[in-house]
There are 2 protein chains.
Amino acid sequence: MAMRIGELARQAGTTTRTLRHYEELGLLPARRTGNGYRTYDDGDLRLLQQIRTLQDFGFGLEETRPFVDCLRAGHPAGDACPASLDVYRRKLAELDDCIADLQRIRAEVGTQLARAELEAAADVPGGPPPLCAFAPPFEHEREPGTP
Amino acid sequence: MAMRIGELARQAGTTTRTLRHYEELGLLPARRTGNGYRTYDDGDLRLLQQIRTLQDFGFGLEETRPFVDCLRAGHPAGDACPASLDVYRRKLAELDDCIADLQRIRAEVGTQLARAELEAAADVPGGPPPLCAFAPPFEHEREPGTP
DNA sequence: GTAAACCTTCACGCTGACGTCAACGCCAGA
DNA sequence: TCTGGCGTTGACGTCAGCGTGAAGGTTTAC
């Protein structure tokens, strides 16, 4: 039940440095034992798991705060509060924008690559295999030594 | 033709700080006039435009280097060299991976949002509009003042 | 009793692409 | 000659999410 920072880090698959960082941010404050050691319980593990899950989805730490607050407020799930739902919705919109941007860019880069490859094939005869095997190099561009 | 740093920055739609940064990286070195002022020409403007275009596509500055070198080597286009094509291809793969990741995440977040919204609707009767318009609020939750 | 394994705080480092001062030099117009 | 607007270098700040020590105290196992 009660555990120290190393144990919690192991259970959550993270590091003690990360947990201290979360505490600096006020995201996951710890109780202290008499000697100053941080001490956590299973509730903290749940909060931490919530944070890590959202992190894996690309949420920033600040964006996880409503979920953590929601859990701490006693709700059974971190997304049982309106503020969390808002974060979900904003993230969805953000993801959609981002995906659309990347798809535009992907298409553009693909086009550029295809064009550049064609031009390279045209400029360096004998380099990459020609699309039409019967297309001979032009005479005035033929290299010396080639019969 | 010849211009100083402010003029080049204006023509390329960037800042003098950015141009000094590029020079620090060795990406866009400048000639100097007698008084130590940086001086650029139209060729530098082309190099800079190449860099900015690739930047807009999400290329890192180091990734633009082959293109810039290619132009400086006298090629008519920055992507006329094999090294540039390699960068294109790596970027395409990177974009595909990234898009796939984001789409998985988008689906996951969408699922979570839908589920959380349903649970919120179930837990808070009378909050969001019910799916079935004939479902009346329960008596013990009815507000005072409502006939 | 001692060594290993834990814990503490402090504080700098890393990545990328610049922004933002400070403190000063150079030059043209009124 | 003064003012304003350019230019220069150097160096620190920003954003996020930690990593990586250093220097020391505490607990645990043998």
Side-chain angles (χ1 to χ4, degrees), chain A residues 2-41 44 47-65 67-68 87 90-91 94 98 101 105, chain B residues 2-41 44 47-68 87 90-91 94-95 98 101 105:
Chain A
M3 53 193 150
R4 293 181 301 185
I5 194 169
E7 179 63 16
L8 178 60
R10 260 187 303 278
Q11 290 205 27
T14 182
T15 68
T16 60
R17 178 65 183 91
T18 295
L19 299 185
R20 293 195 186 97
H21 182 56
Y22 292 174
E23 185 173 27
E24 279 182 55
L25 298 181
L27 200 54
L28 190 65
R31 269 79 49 200
R32 302 293 180 124
T33 59
N35 55 19
Y37 284 16
R38 289 170 178 84
T39 183
Y40 302 90
D41 58 22
D44 294 314
L47 299 183
L48 183 50
Q49 284 166 340
Q50 174 75 80
I51 296 172
R52 303 305 293 184
T53 300
L54 293 172
Q55 281 265 92
D56 290 344
F57 288 167
F59 288 68
L61 288 177
E62 286 309 319
E63 290 176 319
T64 72
R65 206 179 285 270
F67 294 80
V68 176
V87 174
R90 268 188 281 120
K91 184 58 69 177
E94 197 180 305
C98 190
D101 284 348
I105 289 171
Chain B
M3 53 193 150
R4 293 180 300 182
I5 193 169
E7 178 64 15
L8 177 59
R10 259 187 303 278
Q11 289 205 27
T14 182
T15 68
T16 61
R17 177 65 184 93
T18 295
L19 299 185
R20 293 195 185 98
H21 182 56
Y22 291 175
E23 187 172 26
E24 279 183 56
L25 299 180
L27 199 57
L28 189 65
R31 269 80 47 199
R32 300 297 179 120
T33 59
N35 56 18
Y37 284 16
R38 289 170 177 84
T39 183
Y40 303 90
D41 58 22
D44 293 315
L47 299 184
L48 182 51
Q49 284 166 341
Q50 174 75 79
I51 296 172
R52 301 305 293 184
T53 300
L54 293 173
Q55 280 265 95
D56 290 343
F57 288 166
F59 288 66
L61 287 177
E62 287 308 319
E63 290 176 319
T64 71
R65 207 180 284 271
F67 294 81
V68 176
V87 174
R90 268 187 283 122
K91 184 57 67 176
E94 198 178 305
L95 283 167
C98 190
D101 284 348
I105 289 171

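Keep in mind it's a predicted model, so treat the numbers as computed, not measured. In what follows, every chain begins at residue 1, and chains take the letters A, B, ... in the order their sequences are listed.
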Is the shortest side-chain N to carboxylate O distance from [X] to [Y] below 4.0 Å?
X     : Y     : value
B:R4  : B:E7  : no
A:E62 : A:R90 : no
A:K91 : A:E94 : yes

From [atom1] ([X]) to [atom2] ([Y]), nearest 0.5 Å:
X     : Y     : atom1 : atom2 : result
B:T64 : B:L27 : OG1   : CG    : 4.0 Å
A:Q55 : A:T14 : CD    : OG1   : 9.0 Å
A:T53 : A:F67 : OG1   : CZ    : 10.5 Å

Taking [atom1] from [X] and [atom2] from [N], how many angstroms apart are they, rounded to a whole number?
X     : N      : atom1 : atom2 : result
A:Y37 : D:dT28 : OH    : C1'   : 10 Å
A:L19 : C:dT9  : CG    : C1'   : 16 Å
A:R4  : D:dT27 : CZ    : C1'   : 7 Å
B:I5  : D:dT8  : CD1   : P     : 5 Å
B:Y40 : D:dG7  : OH    : C1'   : 11 Å
A:E23 : C:dC10 : CD    : C1'   : 15 Å
B:H21 : D:dT8  : NE2   : P     : 16 Å
A:R32 : C:dC7  : CZ    : P     : 12 Å

Under 4.0 Å between a side-chain N or O of [X] and OP1 or OP2 of [N]?
X     : N      : answer
A:R38 : C:dC7  : no
B:Q55 : C:dC18 : yes
B:N35 : C:dC27 : yes
B:R20 : D:dT8  : yes
A:R52 : D:dG17 : no

Practice prompt. Give, ordered by number, those residues of residues 7-18 of chain A having at least one heavy-atom distance below 4.0 Å to an atom of DNA chain D; if nothing qualifies, reply none.
Written response: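 Listed by number, they are A:T15, A:R17, A:T18.
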Fill in: Minimal non-hydrogen separation, A:T15 against A:A9, with atom names
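Result for this residue pair: C-CB, 3.7 Å.
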Item to complete: Decide yes or no, distance alone: a donor-acceptor N/O pair under 3.5 angstrom between the base of D:dG17 and the side-chain of A:Y22.
Response: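 In this structure, the two groups form no donor-acceptor pair.
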